[in-house]
Amino acid sequence: TDFSKVTEISYPKIYLESIMLNLISNTIKYKSPDRSLTVSVTTYKIGDQIMLTVQDNGLGIDMHTYGKHLFGLRKTFHDHTDAKGVGLFLTKTQIETMGGTISAESEVNKGTTFKVIFNKVVV
């Protein structure tokens, strides 16, 4: 983790906990069987906004095929027994309800980076 650039996020606690739980649990759920899992959580200040990134070296997602549906309800992209297709949908809803955005960059067998932008900064 690296929270040196932004040490505090002013956000509803229940939403922030849910967002972090979903993004971190997805890194574990979709880890690659071919390598040890690495996860990086970092904050940045961009003007009057905060960006939080969660990056892993897991299975990755074929963004060309699934990118438009990534945050859709009941959309899954891997055969995992726990996949319900609800977590990223809820995460996006929670972030957008508070005026923020979430996006993803991913490459199959290399990993995924989620970028969350919060509108208010408390440093």
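Since the model is a prediction, treat every value here as computed from it, not as a measurement.
Summarising the geometry, atom CD1 belonging to I95 is positioned 9.0 Å from atom CG belonging to L88; distances are rounded to the nearest 0.5 Å. Considering OH of Y11 and CD of E17, their distance stands at 13.0 Å, rounded to 0.5 Å. Going from atom CD1 of I117 over to atom CD of Q49 covers 5.5 Å, rounded to the nearest 0.5 Å. In this structure, NE2 on H64 lies 14.0 Å from CD on E107, to the nearest 0.5 angstrom. Atom OG1 of T91 sits about 10.5 Å away from atom CE of M20, to the nearest 0.5 Å. Once rounded to the nearest 0.5 Å, the distance linking CG of N109 with OG of S32 reads 6.5 Å.
Transitive grouping of hydrophobic side chains (ILVMFWY, heavy atoms separated by less than 4.5 Å) keeps M63 and V108 in distinct clusters. Side-chain heavy atoms closer than 4.5 Å link hydrophobic residues (I, L, V, M, F, W, Y) into clusters, and following such links, even through other members, never connects V41 to L21.
T101 is not listed as a side-chain neighbour of V116, based on a closest heavy-atom distance of 4.5 Å or more. Side-chain atoms of Y15 and M98, non-hydrogen and from C-beta on, do get closer than 4.5 Å to each other. The side-chain heavy atoms of V6 and E8, taken from C-beta on, include no pair separated by under 4.5 Å. The shortest distance between side-chain heavy atoms of F114 and T27 does not fall below 4.5 Å.
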Show me the donor-acceptor pairs within less than 3.5 Å that the side chains of residues 50-61 make with the rest of the protein, sequence neighbours left out.
from	atom 1	to	atom 2	distance (Å)
D56	OD1	G58	N	2.9
D56	OD1	T112	N	3.1
N57	OD1	T38	N	2.9
N57	OD1	T38	OG1	3.4
N57	ND2	S36	O	3.0
N57	ND2	T38	OG1	3.4

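Neither side chain, T42 nor D2, offers a donor N or O lying under 3.5 Å from an acceptor on the other.
The backbone N or O of D62 lies less than 3.5 Å from no partner atom in the side chain of T65, so there is not a single donor-acceptor pair. Between the side chain of T7 and the main chain of F3, no donor-acceptor pair closer than 3.5 Å is present.
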